Student: 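Supplied in structure tokens, the structure appears directly below.
What you are looking at is a predicted structure, and each value in this text was computed from that prediction instead of being measured.
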Amino acid sequence: MASSSKANLAEQDEGEEAEEIEHFNDFTLASSWERFISEIEATCRQWLADGPKRLLEKGAVHLDSSDNIYKVKSELKNAAKIYSMEYYFEISGKIADWNCTLHDLQLCFGVKEFLVISPQSASGVVLDAPEATKLLSAVSIALANCSSLWPAFVPVHDPSRKAFIGIQNMGTIFTRRFEADRIGSQVPIKFMHLEGLYELFVSKFAYCMSDHSMHLFRVHLLMKLTYQTLSNDEDNYDDIQEADTENAESETSPGCGNPNRKHWDDDCPWNEWYSAEDPVMRFDLVVTWSEKVVESSLEMAEMENASPHEAEKWILAPNLYPNLDSSKGDRIGFASQLHLLVNALGMSFEAPFIEDFVSVENPGSDNLESTMVIPPPTVLDRVLKDLFLEDPQLPDFAKDEHKSSRAIKGAPVESLFAQFCLHSLWFGNCNIRAIAVLWIEFVQEIRWHWEESQPLPKIPANGSIDLATCLINQKLQMLAICIGKKRELNEEFEDCIGTKDDASANMEKMQEANKDGDESSSFHARSQAFDEKRDSLLTPEGFNGSKTVESKFSANAQDVHSADKSTLDSIRRGSAGPVGSMKLLKLCQSLHAPFTQSAPLMTEDMHEERLRAIETFGFSFLERETLSSDMSAFKAANPGAVFEDFIRWYSPTDWENDESEAKGPSTDLTEGMNVDWPPQGRLSRRMSESGNFWRKIWDEAPILPASEQKPLLDPNREGEKILHYLETMQPHQLLEQMVCSAFRASADTLNQTNYGSLKEMDTKMDQLYLTMASTLRPLQVNLLSNTSDTIEDLQRLCVVFEHVEKLLILAASLHRRFRQVPRISEAIFSNYYNFYLPTMGIGLADVDTQKEFDMKLQLSQNERQVVSNMFTPPTANQSWRKVLSMGNHLNGHEPILREIIFSMHDNASDNHYASSSHRDYQQDTETYRMYTCGTSNDLRVALSIISYD
């Protein structure tokens, strides 16, 4: 039994061996490291087969630090460790120079596409040197099996050192090896200078280590220096230190002044309301020298003393603040305050009166947030003093006004109400309670000016009302006119009273004048005085459209009427002179144009009231008063005139000449005259109807010149009506007009900014005004309600305004720096405009802030001096903070970064490498390359060497 069981086991073993031989997969001979190499090889073969375009389709990741570099990633496992292998490649076949944005390893070793294999750990580097060498060998074997020429790198040592080791199969008997490391502190003095760096490079291939200065090596050299202007924070720190020093000196030396440093936007138009942060943080100036061949360390010493102006290229790179294109709530400007004003407009519907937002007894006061604080009385007094400060010279309201500004029904930026709106934006953070308090005090101050007959500041009293502005501005213009009229009446009253002695003397003179019967002369004196103060003369030239009849009287006829004429002239009052050759119908006398009262000025709501009265009654009260005044003045200037005479002068279209029916002279008065008199014609059908409205007024109009009539504009009555309107207007009516005026005034203020000839900025300003005009139109026609969608439109308008405001501040900052070379500011702004434009259609909170603005602009020779002047010589305070240890100074500034590429070229056919080579290399080969980057406190060195295997 035992023998049979052993035989069965033997047969079973033979069957298993036969099966294993038939399906041979001998894992006993393949170690885990070999399987790891095989996995690397398979991944690399797949990437080689796909190629860059296919890898892009499979989801290759674009590097933000470069415009043309992508990477793919694969995870590899070896024993208990997991590694990450990344393949970096470029799409464009063009070799980028180091002025472009390159990957760190591309810059260090001059490679184009490469592999990086690193452990998936917290540090991401290989800390064990044998492990790093073994890992690099595995990648090298895998790439060799793939016949790939990709260089491979492994990060080693501490992550802060940015150290790498690498290898590249050159496809021949040569292999390129890479090594990079960094000194983070205490850089040897020798390596701070070009001479020491040159000797460091030469020591990698020179056989004699004693004295490199005695040997000549043809070393190729490329150098790039980066200079950086001081940031605003550094400037402010230095100014504070200097100010403290000056203050200490002033304490010991009385009378020593300390002028404050000007902020960058002190002379910008928005600086009156807020101080904007300079959007340009600093500028980087990259200076590059063309490739040179250096044969000794002495040449390197000379090059260290060379001026940056001798460099081949100057490249300027602006550094903008990161939050320029983002909204973090810490930026203060017109847009942020307009947003708060729109919020106040939404809350204005909660109460019917302005006082309700101030009173604590308001039922809706619980809805008011506790943050809606009211500034202290001192702030309120300061605002009111600024608003009502008397300026002897009125501002030019149309100065620097945008062509589309008047499409917005607001107040001009320099007017009183516009200034009130701008102050409201910053008063108490523009909450509804603060606005209510300021408005109440504002109206009380206006009432004081009215009661004391004091002229309103910032409002022209030129007798005109601009109907294109908001209603409140029209009311204030009307009130200014009423105050002027009131002052004139008060002055006339005071002139009439005088002193008691003057009054008695005047009485005696008047009594004597009455005895002599010289009443007409005293009246004419009063009439002339009134006319000079009140009304403008109506000259005959103003009646060219009226129909006149020419008359030619003989000398005898004039003698006949001389007595009657003198009699008529003696009672003629308020005449501005004859109207051409027009004659009266009933008397053969010249028709005189009277002095008339000026038509009363009206605001927009008064015009609407007048139109409604005309639609209802066919006429308005104001039209009746004006017509009656003109008829009275005409009667006084033309004694004996009839209604037809007034129509011929006042409304020539209502007088129809009928010369075909004209008859010869019919009275003895016209005998011997060669003129047709009386003029032939008739009234129009409208004027000849029975019960005509004009004839009725003519019959009732007294004979009074304009100087003795009641003024058509009663300043006292109109002034009180205006104040009643301002004191009782509803909150939403006030806020609607404030929003329109605030948007217009803010835009007009920004429009005064000098930003040069930036066409993109001009376009955005034009678009802003058109957008404001269309968005604010519902507020101008009183169509807004508390449920209206207009509030949301206004919020979006604030976002658009903020975009334009930020662009304009950037444009102003660039223009101030590059006035003499506008090409620089135009190029930088145009690039940033194209970078920023895609975000202008969305809210700033949704802007992707990960992508930063990066631009490099090559400067011409004539632009270098302007940029060089931006590097002002350091002050004494700045000098002790920085120890100058490097050469190539620019106006006393050392470079913040110095990058040098040393390279050694050999002909492969002429050196000892060619003895075993099966190919004939006739071109130069870069056998040694060293890249250095750093400053006096930081030095990084990357070395690549071609060796013979």
Side-chain angles (χ1 to χ4, degrees), residues 450 453 459-467 471 474-493 496 523 526-539 542-543 573-576 592-614 616-638 641 643 646-647 649-651 693-725:
W450 162 252
S453 299
I459 296 181
N462 56 3
S464 63
I465 295 178
D466 190 356
L467 298 179
L471 185 57
Q474 297 178 36
K475 293 290 186 182
L476 294 177
Q477 289 179 333
M478 185 77 169
L479 184 62
I481 295 172
C482 292
I483 292 176
K485 296 290 185 181
K486 187 178 179 182
R487 288 171 61 90
E488 289 180 2
L489 293 177
N490 293 339
E491 291 175 359
E492 292 177 1
F493 180 75
C496 292
F523 172 79
R526 293 195 307 271
S527 176
Q528 290 178 357
F530 178 85
D531 294 336
E532 291 176 358
K533 291 182 179 179
R534 188 173 297 273
D535 297 314
S536 59
L537 301 181
L538 297 179
T539 60
F543 304 95
R573 295 179 295 171
S575 171
H592 284 245
F595 289 114
T596 59
Q597 296 192 58
S598 301
L601 300 174
M602 292 185 292
T603 57
E604 188 178 40
D605 58 337
M606 296 172 65
H607 280 285
E608 294 175 355
E609 182 181 356
R610 170 179 168 271
L611 293 176
R612 287 193 297 268
I614 293 176
T616 305
F617 305 105
F619 63 92
S620 66
F621 175 79
L622 184 59
E623 282 187 333
R624 180 186 179 94
E625 291 294 320
T626 304
L627 188 59
S628 177
S629 172
D630 293 342
M631 288 181 175
S632 297
F634 185 82
K635 287 183 177 181
N638 297 279
F643 177 67
F646 177 76
I647 295 299
W649 167 72
Y650 197 84
S651 179
F693 173 68
W694 284 45
R695 185 177 290 277
K696 183 178 180 182
I697 297 177
W698 171 266
D699 295 338
E700 296 175 356
I703 305 176
L704 287 175
S707 59
E708 300 179 14
Q709 295 177 11
K710 177 183 177 181
L712 292 176
L713 175 65
D714 187 350
N716 294 308
R717 179 186 63 188
E718 295 299 331
E720 290 296 335
K721 288 171 63 177
I722 293 172
L723 288 170
H724 177 74
Y725 168 81

Student: Once salt bridge (Lys or Arg N to Asp or Glu O under 4.0 Å) is applied, do any residues pair with Glu604, and if so which ones, sequence neighbours excluded?
Tutor: Lys409
Student: With sequence neighbours left out, write down each residue that passes side chain to side chain contact (heavy atoms under 4.5 Å, CB included) with Ala641, or none if nothing qualifies.
Tutor: Leu584, Phe634, Asn638, Asp645
Student: As an exercise, state the distance from CD1 of Ile483 to CG of Leu479, rounded to the nearest 0.5 Å.
Tutor: 4.0 Å
Student: Looking at OG1 of Thr603 and CG of Leu476, how far apart are the two atoms once the value is rounded to the nearest 0.5 Å?
Tutor: 11.0 Å
Student: How far apart are the C-alpha atoms of Leu467 and His607, what are their side-chain angles, what is the distance that settles it, and do they pass the side-chain contact (heavy atoms from CB on, under 4.5 Å) test?
Tutor: CA-CA 10 Å; Leu467 298 179; His607 280 285; 4.0 Å; yes
Student: Would you name the heavy atoms of Ser575 and Ala637 that are closest together and state the gap between them?
Tutor: CA-CB, 4.1 Å
Student: Would you check if the side chain of Lys635 reaches a backbone N or O of Trp698 as a donor-acceptor pair within less than 3.5 Å?
Tutor: yes
Student: Apply side chain to side chain contact (heavy atoms under 4.5 Å, CB included) to Ile697 and list each qualifying residue two or more places apart in sequence or on a separate chain.
Tutor: Arg624, Leu627, Ser628, Met631, Phe693
Student: At what distance, to the nearest 0.5 angstrom, does CD1 of Ile465 lie from CE of Met478?
Tutor: 5.0 Å
Student: Does Pro594 reach the side chain of Phe646, with side-chain heavy atoms less than 4.5 Å apart?
Tutor: no
Student: To the nearest 0.5 Å, what is the distance between NZ (Lys696) and CG (Asp699)?
Tutor: 10.0 Å
Student: With the side chain counted from C-beta on, respond yes when Leu471 and Gln474 share a heavy-atom pair under 4.5 Å apart, and no when they do not.
Tutor: yes
Student: Could you pull out every donor-acceptor pair under 3.5 Å between side chains of residues 711-720 and any protein atom, sequence neighbours left out?
Tutor:
residue: Asp714; atom: OD1; partner: Asn716; partner atom: N; Å: 3.3
residue: Glu720; atom: OE2; partner: Trp450; partner atom: NE1; Å: 3.0

Student: Got a sec, which residues hit ring-ring contact (aromatic ring centres under 6.0 Å, His included) with Tyr725, two or more places apart in sequence or on another chain?
Tutor: none
Student: Taking all non-hydrogen atoms of both residues into account, name the closest pair between Leu704 and Ala636 and its distance.
Tutor: C-CB, 3.7 Å
Student: Rounded to the nearest 0.5 Å, how far does CZ of Arg695 lie from CD1 of Ile647?
Tutor: 8.0 Å
Student: Where do Ser464 and Gln477 come nearest, in terms of heavy atoms and distance?
Tutor: O-OE1, 4.1 Å
Student: Hey, could you give me the CE/CD distance between Met602 and Glu609, rounded to the nearest 0.5 Å?
Tutor: 10.0 Å
Student: By salt bridge (Lys or Arg N to Asp or Glu O under 4.0 Å), which residues pair with Lys475, not counting sequence neighbours?
Tutor: Asp605
